[in-house]
Amino acid sequence: MQDPEKSVLPENRLSQSSDTEKRSSIQQDATVVITAPPGNTIAEVDTKKKKKKKNVGYGYYVKLWRYATPLDITLRICGFFAACGAGAALPLMTLVFGHLVDDFNDWGRGALSPDRLQAAVNDNALWFVYLFIGKFTLVYIHTTAFTITATRATRAIRRDYIRSLLRQDISYFDTCTPGSVATSISNNADMIHAGLSEKVGVIIQGLAMLVSAFIVAFTTGWKLTLVTATTLPAAVIAVSITIALDARLEAKILEIYAKAGGLVEEALGSIRIVTAFGAYEKLTKKYDAYLDIAKTYGVKKGPVLGTQYSSEFFMMFCAYALAFWYGIRLLLRGEIDSGGTVTTVLFSVVIGTSSITMIAPSIGEVAKASAAAKAVLDLIAQEPKIDPVGSEGLKPETISGQITFQGVSFSYPARPTLRVLEDLSLEFEARKVTAIVGASGSGKSTVVGLTERWYDPLEGRICVDGHDIKDLNVRWLRSQIGLVQQEPVLFNDTIYNNIVHGLYGTEMDDLPEIEKRKLVQSACVEANADSFIQNLPEGYDTKVGERAGFISGGQKQRIAIARSIISNPRILLLDEATSALDPKAEGVVQAALDRVSQTRTTVMIAHKLSTVQKADKIIVMNQGRVVEQGTHESLLAAEGAYSRLVKAQNLDAMDDSEDQLDSDKSKEANTGGLDLDKVQTTRSTVSVKSALKSEDVSRKLSLFKCLIIIFYEQRRVWRLLLGGLIASVAAGAVFPAQAVLFSRVVTVFQLPENQLESRGNFWSLMFFVLALGTLFSYASLGFFLTVAAFLITRFYRSEYFSAMLRQDIAFYDLEGNSSGALTSRLSTDPQCLQDLVSSNLGLILIVLVNLLGSCTLALAVGWKLSLVAIFGCLPALFFAGFMRMRLEMQNQDKNAKIYQESARFASEAVGAIRTVSSLTLETKVLDSYGERLNDSVRKAYKHTIFSMGLFGLSDSLDLVAMGLAFWYGGRLLSQGEYNATDFFLIFVAIIFGGQAAGFLFGFTLNTTKAHAAANQILHLRKQKPPINSSTGNPIPSNDTTETAIEFRNVRFSYPTRPELPVLRGLNFKIYHGQTIGIVGASGCGKTTIITLLERFYDITSGQILIHGGSLSTLDVKSYRSTVGLVSQDTTLYQGSIRENILLGMPDGEVSEETLIEACKSANIHAFISSLPEGYNTDAGSRGLALSGGQRQRIAIARALVRNPAILLLDEATSALDTQSEEVVQKALETASKGRTTVAVAHRLSTVRGADRIFVLDNGKVVEAGTHAELVKRRGRYWEMVLAQSLDREAK
């Protein structure tokens, strides 16, 4: 029989699912924090979301059912009838159970002979077997049918969604991040699948169960049914109120955790800044403030969950008391036939009640599917203004490539009030190279976007060969254009496959493989890429890795050039194609670009003006207008805007300085014939296995030992834990007590009428007392453990975050310790610990007490039947309950896993939407996505066929167990070995107790996750970082030596790649107050010097001396407080500009005057003062409310406010345009005065004024001197200067 205790499931199921949702919500909301638009608080963003969700009815869910073929409709009809049949099985079982109760009572009164009892029991036991077979078959049919149709429907929905997504205008992607779009298809499709799959069958089965249960109850005894069913609305109301209160508190907690998650992601994503500025304590304090607010709401959940846990059990036992009390009265009045009738009605009402709790979670899944369907179906229905796959429009036979802009005005749809182009008219002549230069925001890249027809102009028109591009077929137009972007996107595939994408949509795409390989190679020869590809182990079949991580920037850029020219396009657009490269890589790529530009109309955009001087025409733009145009020479002669830009970047490469080289100053320079080939030092570019891997500590300590440590550390909450322990034991004892009471009350019908009423009243009253005990024990359990869990996890969340921040940088290099992975762990690990304490521990104790109590009681009463029930029925019941919950919890995760590859592919394609669009790959991407989807669907079918068999078994196995217990018990009864009371006591104790134990144990699945989480947290807290925790000598004073910094024969390899040396015997000295420039090719070790000076790592051998003292012996905290770091990545954090500048300073230590002075030195004070809230202005998430130049100057102020003795500048201006760079460079020059400054740079103009420049190669200094000295020497530095120079004499 279906256990009445199944009614415990809704609360626990809801609690469990909410825990899982909680974790995903925290991560998703953390993303919201990061991507929330400036000016919107998270609360506002969340509120907007909620408002939207509230308006979503079930209309969108109904629309999902349209995705159906005739086969799907047939399967759904079969599923519907099967679910109805499966739902009727349990109510029919109550009739069999009622007959058995009557038979046993008749035998107890002597009204039935042993032979007739045996025959009756055999017949009824067979009915249990028939019901099992029927229910198993029907459940298997309906769950399989609905899951298969859901899989087929979501495949079509996923495909339509991606098709529509790839067709959307580029402006759609300007307002939402590709990551969120790609995540949305995964999450939404998974939710839609969950809402269309077996959950539909479960709802129908639940409704059928509800209807048939009350039909059975009313036809058996309508008066008794009406009275007993009064407990149903009371239970529903109590549970509904507590769920609503819990949801409200949960929403507030999630909102706070979302903000905290944003802070965590920012901090861990910029851990070098946090470490350099010693900002652990400030960030931990901020995080703790969020946790304290969450804790106050969490503690309020205690009474709510306590009421939620207890109310349904209380109502169920009240129903028992009421049914027997009133049933006996009706029996005595002759209005019902027997005690079997009372039992049938009681269990029918209990089953009807539990069916509602079976339906509720599934309806929740349907509601989620409806909300997900809105987002998906709205996008599928959204028609783009510019259709990239449409067939309409002209396709001219020939094209020369003449492009003209006539009076074009334009604003980006995301910022309609901001004009980017204003009445722009210009011409790109066919087969000529035209360069566009100008400050950031002048509209250069917008010209490329409009030429690609990613957007349409608001006014004016753009023509290609005299045709308005709006009249041309979009796909044809884009196939005539080759585009190379600043950050080219390559797909996670082979080099050959990446390049051959460029042929898609052309006639050459149908050529045989051999011919295509020839075309790929010739394009690579033209793009100067063939030689390096041939040297790779697998040549053209080498995989480039995720985000092209296995190759360098220059190599990636040349592959992108080959891809853009393979189809021989008539127009070539180069958008900052060399800006992110070092001088050597830039020279190689520029040579390739010069070669491929000769026969095409080429539009070139650049910040580095050295790349455009050979252009046939240069156009200078400012604020969306053309300021001047002409050749390099004519524009220089005009001495206008272009000339000023040139002077800002001029390096006087041919300055024939008369200063003699000072041989003493360059004595440390090793000018031997070292090879200047690039040394790969970026982690992703090395295809060797990481030497260091993060240690797997998930099973380091046993769960018991973890709990002992946690409870000892949290002994302050011992009263709450003790209360929870006592409540759990009491809650577990409910099941044996129920067995005793049920066995007494069900056999009371054997008594003569004069005793029947008094004994019946007594046992009914006992059931009410049991109900009160249950109410108290479960309420106490919910209250004590929920409050204890929140207090404990508040402590460990803070400790975990603090421990993460304090780790050495090498810790973050380990596999699995990326900022994203750690942010996720900080969200999920404490949550698993909270689940363990708040519910799992209590449930495990209940299960143990229940099983031990029930089995001991049964064995004490009758060992024969008990042993058969314990070993024959209990494992089956336990398996059924456990497996049912396991499948319900894991099916969605399994589904997400099956679609992981197709989701990854979709995410990659959407993330590279501009590349997909420019190469007209939309149809190809869709076909590839379809293939991956079909693979996923095949896997899903196999999983469904197997898992739904288990699901059917778990839903019906209890019927067989009951049949066995009744059959064997009936035999023993007929042989006179037991009486009816003993039989029912053993039966209820083991069968009902076993069912409840199995179901409750199913909820403890994430105990394994909690075990791993507890180990992770405890291990990281204990872990002492060798560098960050080191204490040592105070900093030597400046007077002890003239040398501020000295590297003596320093050798270094990164801990994750010990076999790859980065510095190979590096020697140099820096004197007090000197400004030093460090230059060289990518991978030569420039940035490594900065990381070693911040002591992020310890060197392999040699010595680094600071003021004459060895760096490794100094107190690391004191030392870092004397160093200021300004890096290329200027991370700002949530909070005001003031808080960001004072990040590394103890509270109250810096005066307002000092703060303003630092900001004046950084050339940012005037700007901050002009803001409405001045220094209290919110910087926005990651400082995105400010421009790049403003962020960089705030970062300089942050370094200067510490009054550092040593200033480290790591490519501090590389990401800025010429004008911003000029402002920031002035700020840096001011900041360097009176300090020892070490500046790493790609742009040589930024180190031109340095007292000394070191040229690095292969981890050693190969040249040293001033700019003038090194230029005169005409060595490596001179070659680099030539590559970047804009002097008239540069050839």
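Excluded from the calculations below are hydrogen atoms, water molecules and symmetry mates; all remaining heavy atoms, backbone and side chain alike, are included.
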query = So which heavy atom on Val612 is nearest to which on Ala435, and how close?
reply = CB-CB, 3.5 Å
ask   = Nearest 0.5 Å, what's the NE2-CD distance between His632 and Gln613?
value = 4.5 Å
ask   = Is a side-chain N or O of Lys1069 found less than 3.5 angstrom from the main chain of Thr1043, in a donor-acceptor match?
value = no
ask   = Side chains of Leu1132 and Gln1190: closer than 4.5 Å at any heavy-atom pair?
value = no
inquiry  = What I'd like to find out is whether the side chain of Leu1063 reaches to under 4.5 Å of the side chain of Arg1051, using heavy atoms alone.
reply    = no
remark   = Residues Val437 and Lys444: closest non-hydrogen pair is C-CD, 3.5 Å
query = About how many Å separate CD1 of Ile1076 and CG of Leu1208, when rounded to the nearest 0.5 Å?
reply = 12.0 Å
ask   = Taking 4.0 angstrom as the limit, do Asp1098 and Arg1095 come out as a salt bridge?
value = yes
request  = Please name the pair of heavy atoms, one in Ser564 and one in Val484, separated by the smallest distance, quoted to 0.1 Å.
outcome  = OG-CG2, 3.4 Å
message = On a heavy-atom basis, which atom in Asp493 and which in Asn498 lie closest, and how many Å separate them?
response = O-ND2, 3.7 Å
key: Reported OH-to-CD distance for the pair Tyr1277 and Glu1269, which is rounded to 0.5 angstrom   = 11.0 Å
Candidate pair Arg1120 and Asn1028, rule side-chain contact (heavy atoms from CB on, under 4.5 Å), full reasoning = CA-CA 10 Å; Arg1120 284 185 184 146; Asn1028 286 351; 2.9 Å; yes
message = So which atom in His1072 and which in Ala1044 form the shortest heavy-atom distance, rounded to 0.1 Å?
response = ND1-CB, 3.5 Å
task = For the residue pair Val1050 and Thr1100, establish whether any side-chain heavy-atom pair is separated by less than 4.5 Å.
result = no
query = Does any N or O in the side chain of Thr1236 come within less than 3.5 Å of the main-chain N or O of Gly1073, such that one atom is a donor and the other an acceptor?
reply = yes
key: Between CZ on residue Arg1064 and CG on residue Asp1257, distance to nearest 0.5 Å   = 9.0 Å
task = Taking all heavy atoms of Arg1202 and all of Val1123, pick out the closest pair and write down the distance.
result = NE-O, 3.2 Å
query = Is the side chain of Asp575 donor-acceptor paired with the backbone N or O of Ser445 at a distance under 3.5 Å, no angle test?
reply = no
message = Walk me through whether Asp530 and Tyr540 qualify under side-chain contact (heavy atoms from CB on, under 4.5 Å).
response = CA-CA 9 Å; Asp530 181 61; Tyr540 281 87; 2.6 Å; yes
message = So, taking the atom named CZ in Phe1068 and the one named CD1 in Ile1045, what distance separates them when rounded to the nearest 0.5 Å?
response = 7.0 Å
request  = Kindly determine whether Thr275 and Tyr812 satisfy side-chain contact (heavy atoms from CB on, under 4.5 Å), including the steps that lead there.
outcome  = CA-CA 12 Å; Thr275 305; Tyr812 294 88; 5.9 Å; no
request  = Pick out which of Thr1091, Leu1092, Thr1087, Leu1093 makes a side-chain contact (heavy atoms from CB on, under 4.5 Å) with Ile1089.
outcome  = Leu1093
Chi angles and distances behind the side-chain contact (heavy atoms from CB on, under 4.5 Å) call for Phe1254, Val1238 = CA-CA 10 Å; Phe1254 295 127; Val1238 181; over 6 Å; no
query = So do the side chains of Leu1256 and Val1261 get within less than 4.5 Å of each other, counting heavy atoms only?
reply = yes
ask   = Tell me, do Ile533 and Gln521 make a side-chain contact under 4.5 Å, heavy atoms counted?
value = no
Lys556 side chain reached by Leu490 side chain, heavy atoms, under 4.5 Å = yes
remark   = d(Cys524 SG, Arg563 CZ) to nearest 0.5 Å is 11.5 Å
request  = Please answer whether the main-chain N or O of Leu1270 pairs with a side-chain N or O of Glu1263 as donor and acceptor at a distance below 3.5 Å.
outcome  = no
message = With a 4.5 Å cut-off on side-chain heavy atoms, are Leu1066 and Phe1052 touching?
response = no
ask   = Is the shortest heavy-atom distance from the side chain of Ile559 to the side chain of Phe532 under 4.5 Å?
value = yes
ask   = Looking only at side chains, do Thr1088 and Tyr1097 share a donor and an acceptor under 3.5 Å apart?
value = no
